[in-house]
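Here's the structure we're looking at; comments come further down.
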Amino acid sequence: MVCPYLAYRREDAEHSFDTDRAYCTAAETFVQPMRADICNDRHDLDHATDCEIYLEADE
């Protein structure tokens, strides 16, 4: 299951990109590819247990 706070966007108030990038709606910021791996539950990671942003937002 993908993190419910994950979105893919090309821009926010401060940045603009040519392609969609991983955006954390809980932290309101673009995230690095490694963080997106956690959001997408890749490499045996689970956003519900391995992501401090998710854990804080879900409380």
Side-chain angles (χ1 to χ4, degrees):
M1 179 178 130
V2 174
C3 178
Y5 300 114
L6 178 64
Y8 283 89
R9 299 182 180 177
R10 290 183 184 216
E11 61 185 30
D12 66 3
E14 300 175 14
H15 305 91
S16 179
F17 304 101
D18 292 335
T19 59
D20 290 343
R21 301 229 177 158
Y23 185 86
C24 178
T25 59
E28 298 180 348
T29 189
F30 287 98
V31 295
Q32 298 295 323
M34 183 184 284
R35 171 72 61 187
D37 284 342
I38 297 170
C39 300
N40 286 304
D41 296 341
R42 293 185 185 128
H43 309 295
D44 294 325
L45 296 167
D46 183 354
H47 67 274
T49 57
D50 298 319
C51 179
E52 67 279 0
I53 299 169
Y54 176 87
L55 293 170
E56 184 177 315
D58 202 44
E59 287 182 348

Anything under 3.5 Å between a donor and an acceptor, one on a side chain of residues 34-42, the other on a protein residue two or more places apart or in another chain? List them.
unit_1, atom_1, unit_2, atom_2, d
R35, NH2, E52, OE2, 2.8
D37, OD1, R42, NH1, 3.0
N40, ND2, Y8, OH, 3.1
N40, ND2, A36, O, 3.1
D41, OD1, H47, N, 2.8
D41, OD1, H47, ND1, 2.9
D41, OD2, H47, ND1, 3.3

Without placing hydrogens or testing angles, list every side-chain donor-acceptor pair under 3.5 Å for residues 16-27, not counting sequence neighbours.
unit_1, atom_1, unit_2, atom_2, d
D20, OD1, R10, NE, 3.1
Y23, OH, E28, O, 3.4
T25, OG1, Y5, O, 3.0

H15 to F30 - nearest heavy-atom pair and separation: CB-CE1, 4.1 Å
Which atom names give the shortest non-hydrogen contact between E59 and L55, and what distance separates them? CG-O, 3.1 Å
d(L6 CG, I53 CD1) to nearest 0.5 Å is 11.0 Å
